[in-house]
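These values consider heavy atoms only, across backbone and side chains, with no hydrogens, waters or symmetry-generated copies. This structure is a prediction, so every number in the text was calculated from the model and none was measured. So you know, we letter chains A, B, ... as the sequences are listed, proteins then strands, and number each from 1.
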There are 2 protein chains.
Amino acid sequence: MTSRVLNDKDFAGLLQRNQLKVTAPRLGVLKIMADRDSAISQPVLEKLMGAEVDRVTLYRVLKTFEEKGILHKVIDLNGTAHYAICSSNCSEHNHQDEHFHFNCTQCKQVYCLNDMHLPAIHLPEGFEAASVSLSITGVCNHCSKE
Amino acid sequence: MTSRVLNDKDFAGLLQRNQLKVTAPRLGVLKIMADRDSAISQPVLEKLMGAEVDRVTLYRVLKTFEEKGILHKVIDLNGTAHYAICSSNCSEHNHQDEHFHFNCTQCKQVYCLNDMHLPAIHLPEGFEAASVSLSITGVCNHCSKE
DNA sequence: TTACAATTGCAACTTTATTGCATTTAAAAT
DNA sequence: ATTTTAAATGCAATAAAGTTGCAATTGTAA
Ligand SMILES: [Mn+2]
Ligand SMILES: [Mn+2]
Ligand SMILES: [Zn+2]
Ligand SMILES: [Zn+2]
């Protein structure tokens with residue numbers, strides 16, 4: 001459930017490989033993301049970043065990372081945006097993030113379940129699927145221990 | 001794909017059966033909902049209702065209908081709230097809306113796919129699922145004709 | 001008709017997100 | 001080292017979605 005892209009902690013290298021300038025706001029976001037095993041919500045991320053970085057800059061950093069295939073955005077069942085490290089092999093124009101998401105009702109975390117795959121879906125006549133997203137609500141492995 | 005609850009158009013009766021007063025804002029919402037074969041977004045619904053009804057009242061009507069099992073809320077992949085008639089047999093404390101939703105990228109409509117059922121999902125150790133929601137993005141039957 | 005709880009409308013506010021523009025800065029070129 | 005400049009940031013203004021408190025109104029049961 002941890003990313004292969006960020007665990008070497010060469011954040012500057014990652015930015016350079018993506019033709020992005022190495023800046024404090026970007027490094028800050030990467031550092032926070034790399035330490036987690038679940039997605040992080042926009043509001044929480046904003047708090048963690050603190051006053052160091054402007055809110056607008058944070059939005060722009062996230063948008064850029066999304067476009068570059070470094071992070072992906074997940075909207076949870078309440079409509080809150082979450083961000084997570086992209087699995088393995090996403091790139092600028094080729095996202096490969098079709099995995100399940102688990103929303104814990106207790107700790108409110110969103111987990112990417114990368115290793116699960118979706119059975120084929122048969123749609124009614126005329127409907128053409130481009131992508132499929134599956135969200136599960138329940139209690140996560142940490143919270144179910146208590 | 002059409003509701004059994006509202007097609008008799010006895011809106012007042014429906015409200016009374018749910019211990020709700022028959023009021024103009026509530027009848028207005030039911031009338032709009034009954035005519036559709038897809039979910040309706042909060043912003044669109046607000047425009048259709050026009051200045052006749054206060055925004056806050058609309059939010060409260062929707063919340064009440066949700067609690068009573070008359071409507072259910074779906075958050076689409078952009079985080080926008082949509083509302084749809086509940087299928088057949090939802091009631092105050094027993095929602096029965098575990099079906100797929102189809103998000104059309106062209107017309108932006110959200111369709112409830114009531115007649116499809118989800119295959120069982122095996123979660124990692126410790127995770128306990130309470131409910132599952134599946135959203136499909138693509139082109140709907142109307143839009144794919146063009 | 002009356003009485004009263006339920007419902008509505010209004011004002012104020014919060015949170016999330018976007019846009020335009022002036023200023024700053026990382027990094028490439030000299 | 002300096003210069004240069006496109007890229008990135010910060011700030012102010014704005015918009016949209018949603019919430020809360022409270023006074024006024026109204027549906028309905030008595
Ligand atoms: Mn994910
Ligand atoms: Mn539905
Ligand atoms: Zn949890
Ligand atoms: Zn469509």
Side-chain angles (χ1 to χ4, degrees), chain A residues 10-32 39-68 70-83 92 108 110, chain B residues 10-32 39-68 70-83 92 108 110:
Chain A
D10 178 19
F11 302 141
L14 175 65
L15 291 174
Q16 281 157 355
R17 263 175 277 133
N18 283 279
Q19 294 91 45
L20 296 175
K21 289 189 182 176
V22 178
T23 67
R26 287 171 177 168
L27 290 173
V29 168
L30 292 177
K31 199 159 82 177
I32 289 174
I40 187 169
S41 72
Q42 164 70 39
V44 168
L45 182 54
E46 212 174 296
K47 272 160 209 137
L48 288 180
M49 295 290 291
E52 310 294 302
V53 61
D54 189 77
R55 259 172 57 79
V56 177
T57 301
L58 177 54
Y59 276 101
R60 293 195 272 227
V61 165
L62 292 172
K63 194 186 192 186
T64 301
F65 284 179
E66 221 188 328
E67 285 162 0
K68 291 292 185 176
I70 296 170
L71 297 183
H72 67 277
K73 172 147 78 161
V74 197
I75 304 292
D76 76 10
L77 300 172
N78 302 310
T80 303
H82 292 247
Y83 291 87
E92 179 143 11
K108 308 288 177 197
V110 174
Chain B
D10 178 19
F11 302 142
L14 175 64
L15 292 173
Q16 280 158 354
R17 264 174 276 133
N18 284 279
Q19 294 89 46
L20 296 175
K21 288 186 181 176
V22 179
T23 67
R26 287 173 176 165
L27 289 172
V29 169
L30 291 178
K31 198 159 80 177
I32 290 174
I40 187 170
S41 72
Q42 165 69 41
V44 168
L45 183 53
E46 212 174 297
K47 272 159 209 136
L48 288 180
M49 294 291 290
E52 309 295 300
V53 61
D54 189 76
R55 259 171 51 79
V56 178
T57 300
L58 176 54
Y59 276 102
R60 292 196 272 229
V61 165
L62 292 172
K63 193 184 194 190
T64 301
F65 283 178
E66 221 188 329
E67 287 163 358
K68 292 292 186 178
I70 297 171
L71 297 183
H72 67 277
K73 174 149 75 163
V74 197
I75 304 292
D76 77 9
L77 301 171
N78 302 309
T80 304
H82 293 245
Y83 291 87
E92 179 143 12
K108 309 288 178 196
V110 173

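Where Gly79(B) and Ala24(B) meet DNA chain D, the nucleotide closest to each residue was compared, and Gly79(B) sits on the side nearer the 5' end. Both Leu20(A) and Lys73(A) lie near DNA chain C, and the one whose nearest nucleotide falls closer to the 5' end is Lys73(A).
Rounded to an integer number of Å, the gap from Asn78(A) CG to dT16(C) P is 12 Å. Between the CD1 atom of Ile40(B) and the P atom of dA17(D) there is a distance of 13 Å, rounded to whole Å. If you measure from atom OH of Tyr83(B) to atom P of dA17(D), you get 12 Å, rounded to the nearest angstrom. Rounded to an integer number of Å, the gap from CG of Leu45(B) to P of dA16(D) is 17 Å. The separation between Leu15(A) atom CG and dA8(D) atom P is 10 Å, rounded to whole Å. To the nearest angstrom, C1' of dA26(C) lies 19 Å from CZ of Phe11(A).
Among the protein residues, Glu46(A) comes within range of no part of the nucleic acid, since none of its heavy atoms lies under 4.0 Å from any strand.
At dA17(D), none of the side-chain N or O atoms of Thr80(B) fall inside 4.0 Å of OP1 or OP2 (strictly under the cut-off). The side chain of Thr23(B) places no N or O atom within less than 4.0 Å of a non-bridging phosphate oxygen (OP1 or OP2) of dA6(C).
Panel note: side chain Arg26(B), backbone Lys21(B); a donor-acceptor pair is recorded below 3.5 Å. Asn78(A) contributes no side-chain N or O that, together with a main-chain N or O of Thr80(A), makes up a donor-acceptor pair within less than 3.5 Å.
Separation of atoms CG (Asn18(B)) and CD1 (Ile70(B)) is listed at 4.0 Å; rounding is to 0.5 Å.
Closest to the side chain of Ala81(B), from the set dA8(D), dG18(D), dA17(C), is dG18(D). Listed candidates were dA27(C), dT9(D), dT28(D). Nearest to the side chain of Arg26(A) is dT9(D). Among the nucleotides dA27(C), dG18(D), dT16(C), the one closest to any side-chain atom of Gln42(B) is dG18(D). Among the nucleotides dT16(C), dT9(D), dT28(D), the one closest to any side-chain atom of Lys21(B) is dT28(D). With dG18(D), dT28(D), dA27(C) as the candidates, the nucleotide lying closest to the side chain of Gln16(A) is dA27(C).
Of the residues in residues 52-61 of chain B, those with a non-hydrogen atom less than 4.0 angstrom from any atom of DNA chain D are Arg55(B), Val56(B), Tyr59(B), Arg60(B).
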